[in-house]
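Computed from a prediction, not measured in an experiment: that's the story for all the values here. Within every chain, numbering begins at 1; the chains are lettered A, B, ... in the order of the sequence lines, protein sequences first and strands thereafter.
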Amino acid sequence: MLPASSKMPHKQPPPPRKQSISMGRGARKRDEDSGTEVGEGTDEWVQSKATVKPPDQLDLTDAELKEEFTRILTANNPHAPQNIVRYSFKEGTYKLIGFVDQLAVHFTQVGNLIPKDSDEGRRQHYRDELAASSQESAKVVISETEILEEEEEPKEVEAGSQTDVPIVEASEKMAEEELMTPKQPKERKLTNKFNFSERASQTFNNPLRDRECQMEPPPRTNFSATANQWEIYDAYMEELEKQEKTKEKEKTKTPVAKKMGKMAMRKMTSMESQSDDITKVTQAAKIVERMVNQNTYDDVAQDFKYYEDAADEYRDQEGTLLPLWKFQNDKAKRLAVTALCWNPKYNDLFAVGHGSYDFMKQSRGMLLLYSMKNPSFPEYIFSSESGIMCLDMHVDHPYLVVVGHYDGNVAIYNLKKPHSQPSFRSSAKSGKHTDPVWQVRWQKDDMDHNLNFFSVSSDGRIVSWTLVKSELVHTDVIKLKVEGSTTEGLEGLQIHTVGCGTAFDFHREIDYLFLVGTEEGKIYKCSKSYSSQFLDTYDAHNMAVDAVSWNPYHTKVFMSCSSDWTVKIWDHTIKTPMFIYDLNSAVGDVAWAPYSSTVFAAVTTNGKTHVFDLSINKYEAICNQPVVAKKKNKLTHVQFNPIHPIIIVGDDRGHVTCLKLSPNLRKMPKVQSWGIWAAKKESLQVGRGVVGERKGRSQGIAPGFWLWRPRAG
Amino acid sequence: MKTLVNFFPDLFQAEVEETLKRIQSHKGVIGTMVVNAEGIPIRTTLDNSTTVQYAGLLHQLTMKAKSTVRDIDPQNDLTFLRIRSKKHEIMVAPDKEYLLIVIQNPCE
């Protein structure tokens, strides 16, 4: 609370007022105004007794000026509220609070002085003492030890008295304190609060420089892989292969071989890197070509697999041939099909030999191997200078094909090595034929496991060729002679007219037995062991025998066909044929069916294919169908597929047509035992046994075929 | 067969080229292409954008199909993949490093 009106100026005629602070302020303002307006020196100060009226001063009358206003000073806080009301829970009403706090705080400041006796004060004091004592600890210790030593003597003297000990300890402490306190003020420098200044200096800071160096980061690549079951399997297989390779390398340990190996490896790697990428697509390209063909010939493929002619039920034992694919190649367009052969292992692969039957027009020859899966292009193509007349595929080694040429040579092609040239070839030196080779046939390997085949030719020789250490060695087996044609020559020499062999066939079970057909129309039964004599002769045909064939099931039956329009079926023990069929046109080829002993097919030059089934109709063909479009096309060869019910027919225009046999043509014999017999090539005994049964059933059928008794007379 | 390919590249190159030509000229074939292991087309008879599209998509599909077949039996492997659609048929034959794709319109 300030005293009232202490700063009232004397100049103003003061009415006896007691003013509050607010009024005092206003007066002060007036004073300042009057001071500033005039202020030009001390003279004016005296003169300024004249009152100056500020423009906003209240104009009051004298009466009003004389009016007295009483002001009472109280100790009440004008800002304190006077009517605080609180809710009383006891009475449940609002009650006025009588006493209100009148304290008004004008100014607060928090100081930093602590009383000495408070906790904080004592702590600070203690800290200060510690700081001082640590400096003097060394001196204190020395003095202490001195004191201790001094005191210990009297301690030892007064051994029993314990009261002296605490006294001694107390005196020690006292000594310590005395030592400490005088030294304290010496050590600690009291800093003058008023004009103490610290001065510091700083050395020149060297400028900092950053120097960095960075290495080239290691090259990084992203790598991602999957670990599937098959990847793990592949990894293991690779490991296996590597191990095997190392084993092999260890086995063949010669320095030369090593060198060769290295060179070969280098060549291989360089070749691999150089070889064009395209070559690796060979396999895929082949597959895709087959797929594309399958799409194009989709209906044909479906027919081949599933179509069975339902009309056969109504056709009363006759059958039909459904044409499937037609195989032809531009390169072999002018050449006639001279030989057909199914591959014994791969049932969709067959070989076609191209050449010419025309004596005047002899040109080159071709060997094509087709697969039914790709009718548009052959799998293998081989060309030769001379026309191919015959071919055969080895049963055990289905990649070996032997061919006989028009110029008398024979050659072996190895399909595993797809060069255009044959692997082995005969020549004039090695005993080739002097006339076209009409038939070749593989035989079983000889004792030294050498490959062996036979060939027959118009020069009258039947030659056995053996492949000894990659060379063809020939042995004349038989020289065909026309019987009864020995003429007397000069000096009693017997000159035999040489017969010309045109066809032969080996017996399936009796190894040494084979048949030879000749140009004169005779068939000779020969044995491999007898080179000069025939076992038997049959006067078969009037013209050259085109084909002879043993029945696959009946061991005694064989069949022959000729250009004299006939097909004849024989029993080799009987000189006359059992059946003769006249087909109205030169017969090019006959073939037995592999599924039945009574079915065979014949093709003629008028473009027709005849299928016979002797168990159904002994005198007529059950199927007689033109197979090629133009009548001028002469059919040359026919072959049954060993597994599927299809036949391939070749003509002289170079086309091969594949036909499916309708169910009527494929009838298996109905008797159970026949079924077994027809399904497998059984031994002789089984055959005989069945024949016996057949005997019983063959009532009303002319004897001769069914009864294997030699005919009387 | 592989060693022969390496020692007689010319022989087989000609043969493969001929085979591809034959396929392309076959009835109904719209286009053929050869794609390498990364899905980049090497050889094609179609236009660039189509080729790239086919290559990328079929590559993935073939890998998936191959993986499926081999997962079931690791000794087995994918021979080819045929996708028949309304308009045409896509045939894919995978090889060790390459992929041969042929698009054919089977029924004309």
Next on the checklist: Applying side-chain contact (heavy atoms from CB on, under 4.5 Å), can you list everything that pairs with A:E308, at least two apart in sequence or on another chain?
Outcome noted: A:K660, A:P663, A:R666
Checklist outcome for this item: Between B:I23 and A:A285, the two heavy atoms sitting closest are CD1-O, 3.6 Å
Next on the checklist: Using 0.5 Å steps for rounding, measure from the OH atom of A:Y233 to the CZ atom of B:R70.
Outcome noted: 7.0 Å
Next on the checklist: At a 4.5 Å cut-off on heavy atoms, which part of B:E89 comes close to chain A: side chain, backbone, both, or neither?
Outcome noted: side chain
Checklist entry - Any idea which of A:I287, A:I232, A:N228 has the most non-hydrogen atom pairs under 4.5 angstrom with chain B? => result A:N228
Next on the checklist: Is B:Q24 close to chain A through its backbone or its side chain, or both, or neither, when contacts mean heavy atoms under 4.5 Å?
Outcome noted: neither
Next on the checklist: If we check side-chain contact (heavy atoms from CB on, under 4.5 Å) with B:P74, which of these qualifies: A:Q229, A:M237, A:E231?
Outcome noted: A:Q229
Next on the checklist: What residues of residues 291-306 of chain A make heavy-atom contacts with chain B at a cutoff under 4.5 angstrom?
Outcome noted: A:M291, A:V292, A:N293, A:Q294, A:N295, A:T296
Checklist entry - Under 4.5 Å between any side-chain heavy atoms of B:R43 and A:V281, yes or no? => result no
Checklist entry - Does any heavy atom of chain A fall under 4.5 Å from the side chain of B:S67, the backbone, both, or neither of them? => result both
Item to check | B:I103 portion near chain A, given a 4.5 angstrom heavy-atom threshold | outcome: neither
Next on the checklist: Below 4.5 Å, heavy-atom pairs only: which of B:D71, B:T79, B:T19 has the largest tally toward chain A?
Outcome noted: B:D71
